[in-house]
Amino acid sequence: MAGAFGLKGCQKIRGPQIRNLLEAKDCILLDCDGVIWHGETAVTGAAKAVSSLIRRGKNVVFVTNNCTRPRESYVHKFYRLGFTDVMLEQIFSSSYCSALYLRDVVKVRGQVYVMGCDGLRVELEGAGVSCVEEADEPGATIYDCALAPDVKAVLVGHDDKLTFLKLAKASCYLRDPDCLFLATDNDPWHPLSGGRILPGSGSLTAALEVSSGRKATVIGKPSRFMFECISSQFSGVEPAKCLMIGDRLETDMLFGSNCGLDTMLTLTGVSQLEDAHEYRDGDLAANRGLVPDYVVDSIADFLPAFEEVDEQSD
């Protein structure tokens with residue numbers, strides 16, 4: 001579809017071009033942080049844009065690498081920030097997809113050791129996946145702590161209570177070649193206010209990859225598995241009829257490219273137009289998947305396109 005509107009490579013579109021693109025798509029995949037909200041603040045116009053897409057019959061799904069909260073908690077956040085049309089079934093987080101992978105794909109028969117927040121554990125247990133209970137005595141070390149039997153997988157996510165003991169335990173479990181090594185995502189960091197950053201799941205995964213000498217299987221973006229989850233739950237999802245909208249080239253745009261989707265970068269988050277141009281104009285063919293097909297300043301740019309359609313129908 002990108003060829004119908006211009007050659008691939010950061011095409012800035014607005015108004016009628018956005019309208020024509022959206023009319024050609026049945027399914028809209030949206031990242032969350034940096035696209036429709038920043039933390040606890042909705043991007044201006046985002047709630048109205050999402051509502052308009054849903055009212056026009058688009059299959060709107062949300063794909064997020066944030067594994068810190070279960071989907072039920074996301075529903076409350078959507079509603080709290082004004083996205084009142086969003087249902088649980090539309091939310092695909094890396095924690096939810098990790099639970100599906102463990103339950104339905106590898107059919108894990110045993111316990112999973114989780115390096116991650118409580119929200120990740122809640123999502124796994126909700127899918128019937130058994131997790132190792134953390135019950136170490138104060139002051140315990142890897143020399144004298146108990147190691148759980150029958151650990152069949154180690155899953156790494158964002159863990160704001162990471163300890164050296166957790167890392168050491170995970171390393172021990174992964175000495176078993178039959179123990180799976182999974183990561184919810186490989187995001188290296190997340191932006192905070194005031195120019196600070198928060199290390200992401202990818203940084204924790206990298207540490208464990210070094211200590212274990214193994215590579216993790218990544219479940220979230222840019223892996224194709226998230227799209228496979230969507231396709232399994234929404235009938236008739238065709239890549240050519242989908243548009244992936246995100247704010248990060250290395251995850252959102254690459255995810256769309258890996259899945260054969262058209263991609264759109266919004267400039268309200270991590271990556272900026274200059275970053276996309278650098279990948280587009282570079283010599284590395286491997287970076288072509290990081291280049292968005294289309295660019296908008298904000299998802300709120302959809303609103304004038306919707307207004308034009310409404311005016312034409314009156």
Side-chain angles (χ1 to χ4, degrees), residues 29-37 39 61-75 77-78 86 88-106 108 112-127 129 131 153-162 170 180-191 198-209 215-234 244-259 261 269-270:
L29 289 74
L30 287 160
D31 180 37
C32 294
D33 201 49
V35 176
I36 61 172
W37 61 52
V61 295
F62 301 90
V63 286
T64 175
N65 275 353
N66 189 328
C67 64
T68 60
R69 62 176 78 208
R71 290 195 300 163
E72 288 80 1
S73 177
Y74 267 113
V75 172
K77 179 171 183 176
F78 273 105
V86 177
L88 179 74
E89 294 76 16
Q90 296 171 267
I91 303 169
F92 290 81
S93 65
S94 60
S95 55
Y96 173 62
C97 292
S98 294
L100 295 182
Y101 185 85
L102 285 162
R103 186 189 69 188
D104 301 335
V105 177
V106 300
V108 66
V112 177
Y113 184 72
V114 178
M115 280 175 55
C117 292
D118 291 340
L120 175 56
R121 191 181 297 270
V122 168
E123 199 72 75
L124 295 179
E125 292 174 345
V129 176
C131 300
V154 170
L155 175 62
V156 183
H158 178 79
D159 191 343
D160 57 5
K161 297 179 181 177
L162 177 69
L180 300 174
F181 182 11
L182 309 176
T184 58
D185 61 275
N186 60 2
D187 287 3
W189 54 272
H190 304 285
L198 181 70
S201 304
S203 63
L204 309 188
T205 302
L208 190 52
E209 286 181 336
K215 294 291 290 184
T217 296
V218 177
I219 303 301
K221 299 176 293 185
S223 167
R224 285 180 49 87
F225 184 67
M226 273 188 139
F227 187 71
E228 293 171 5
C229 290
I230 295 168
S231 299
S232 69
Q233 297 188 31
F234 290 86
M244 174 64 207
I245 305 172
D247 74 305
R248 202 163 194 161
L249 301 174
E250 295 81 5
T251 50
D252 301 317
M253 300 304 103
L254 185 56
F255 170 68
S257 179
N258 287 343
C259 299
L261 320 178
V270 172

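Because the structure is predicted, anything quoted here is derived from the model rather than measured.
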Acceptor/donor pairs from residues 217-224 side chains to any protein atom, 3.5 angstrom cut, sequence neighbours excluded:
{"residue": "K221", "atom": "NZ", "partner": "D31", "partner atom": "OD1", "Å": "2.9"}
{"residue": "K221", "atom": "NZ", "partner": "V63", "partner atom": "O", "Å": "2.9"}
{"residue": "K221", "atom": "NZ", "partner": "D252", "partner atom": "OD1", "Å": "2.6"}
{"residue": "S223", "atom": "OG", "partner": "V218", "partner atom": "O", "Å": "3.3"}
{"residue": "S223", "atom": "OG", "partner": "F225", "partner atom": "N", "Å": "3.2"}
{"residue": "R224", "atom": "NH1", "partner": "N258", "partner atom": "O", "Å": "3.1"}

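Contact between S201 and G157 at its shortest, heavy atoms only, is OG-C, 3.2 Å. Annotation for G116 and D159: closest pair N-OD2, 3.3 Å, computed over non-hydrogen atoms. Closest approach of R71 and E89 over heavy atoms only: NH1-CA, 4.2 Å. Among all heavy-atom pairs drawn from C32 and T64, the shortest one is SG-CB, 4.2 Å. Closest approach of M226 to S93, counting heavy atoms only: CE-C, 3.4 Å. Summarising the geometry of L124 relative to A99, their closest heavy-atom pair is CD2-CA, 3.6 Å, with the distance given to 0.1 Å.
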Item to check | From CA spacing to verdict: ring pair (Phe, Tyr, Trp, His ring centres under 6.0 Å), F62, F78 | outcome: CA-CA 11 Å; F62 301 90; F78 273 105; 4.6 Å; yes
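Between the CD1 atom of I230 and the CG atom of L29 there is a distance of 4.5 Å, given to the nearest 0.5 Å. Between D104 atom CG and S232 atom OG the span is 8.0 Å, to the nearest 0.5 Å. Once rounded to the nearest 0.5 Å, the distance linking CZ of R248 with CG of L254 reads 12.5 Å. Separation of atoms CG (L88) and OH (Y96) is listed at 7.5 Å; rounding is to 0.5 Å. Separation of atoms SG (C131) and CG (L120) is listed at 7.5 Å; rounding is to 0.5 Å.
Although no hydrogens or angles enter the test, the distance criterion places no donor-acceptor pair under 3.5 Å between the side chain of D187 and the main chain of W189. A distance-only check finds a donor-acceptor pair linking the side chain of S98 to the backbone of S94 [under 3.5 Å]. Judged purely by atom type and a 3.5 angstrom limit, D247 uses its side chain to pair as donor or acceptor with the backbone of V270.
Taking V106 as the reference, Y101, L102, V108, L180 meet the side chain to side chain contact (heavy atoms under 4.5 Å, CB included) condition, with sequence neighbours excluded. Not counting sequence neighbours, the partners of K215 by the side chain to side chain contact (heavy atoms under 4.5 Å, CB included) test are E209.
Residue D118 places its CG atom among 12 or fewer non-hydrogen atoms of other residues, nucleotides or ligands, all under 6.0 Å distant.
Ring geometry for Y74 versus W37: interplanar angle under 30°, hence parallel rather than tilted (30 to 60°).
In this structure, D33 and H190 have side chains that are not in contact, with every pair of non-hydrogen atoms separated by 4.5 Å or more. Contact check for T184 versus H158: no side-chain heavy atoms found under the 4.5 Å cut-off.
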